[in-house]
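Comments concern the structure below.
These numbers were taken from a predicted model, which means no experiment stands behind them. Chain letters run A, B, ... following the sequence lines, proteins first and then strands; every chain starts at 1.
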Amino acid sequence: MAHWLYKSEPDTWSWDQQVARGEAGEHWNGVRNYLARKHLQAMKIGDQGFFYHSNEGKAIVGVVEVIKEYYPDHTDETGRFGMVDLKAIKSLKRPVTLQEIKDDPRLKDMVLVNNMRLSVQPVTDAEWAIILALGGLES
DNA sequence: GCCAACGTTGGC
DNA sequence: GCCAACGTTGGC
């Protein structure tokens, strides 16, 4: 099962809003980048990912899960891009900050460090485990 | 609020 | 198909 990382500006769509959507989840619209699209297309139902707050917070704050696979993004008038639906699974006990990730030599190859601007990123199993261990999951 | 990095667009 | 111009992202 693959792991992912989704970036969102809290002013636009925050973790609290995602949690409030509950089991219904929410569509992850607005991606307009081909590499990010490729990742969206590769996602399977049940894949989990990190929810990252950019600008405000700059930290991984929670875990989401894919509940609907790639389908057209109706907000894209060119018809080129699509989206998946995500639901919140759990919050981290404490956020894992960008600074912390940058400072950890085990995480130096993370896409978040090397290709900061990519809004949907793959996360390796090793990175996934390290960050979960750092943040811990709410029970 | 600045600005570097970088992806996309469009003229040629 | 190249590449300059432009727009956007996101850390600082």
Nucleotide dT8(B), atom P - distance to CG of L35(A) in whole Å: 9 Å
Distance-minimising heavy-atom pair for L40(A) and M83(A): CD1-CA, 4.2 Å
K7(A) side chain near dG11(C) phosphate (N/O to OP1/OP2, under 4.0 Å): no
Sugar-phosphate, base or nothing in reach of N33(A), heavy atoms under 4.0 Å: sugar-phosphate
Length of the CD-C1' vector between E56(A) and dT9(C), whole Å: 15 Å
Phosphate-side-chain proximity, K58(A) and dG10(C), N/O vs OP1/OP2 below 4.0 Å: no
Spacing of N55(A) atom CG relative to dC3(B) atom P, expressed in whole Å: 17 Å
Phosphate-side-chain proximity, Y52(A) and dG11(C), N/O vs OP1/OP2 below 4.0 Å: yes
Chi angles and distances behind the side chain to side chain contact (heavy atoms under 4.5 Å, CB included) call for V64(A), I89(A): CA-CA 5 Å; V64(A) 290; I89(A) 299 294; 5.6 Å; no
Nearest-Å distance for atom pair CZ/P, residues R37(A) and dG7(B): 15 Å
Heavy-atom check, side chain of Y6(A) versus side chain of W28(A), under 4.5 Å: yes
Sole candidate of V61(A), L5(A), L86(A) that passes side chain to side chain contact (heavy atoms under 4.5 Å, CB included) when paired with F51(A): V61(A)
Whole angstrom value for the distance that separates P of dC6(B) from CG of N115(A): 7 Å
Geometric class of the H39(A)/W4(A) ring pair [parallel <30°, tilted 30-60°, perpendicular >60°]: tilted
Distance in angstrom units between R117(A) CZ and dC3(B) C1', rounded: 12 Å
Spacing of D11(A) atom CG relative to dG1(B) atom C1', expressed in whole Å: 15 Å
Atom-pair distance (CG on L5(A); P on dG10(C)), nearest Å: 11 Å
Touch class at under 4.0 angstrom, heavy-atom based, for L98(A) against every strand present: sugar-phosphate
Residue-phosphate contact under 4.0 Å: R80(A) side-chain N/O, dT9(B) OP1/OP2: yes
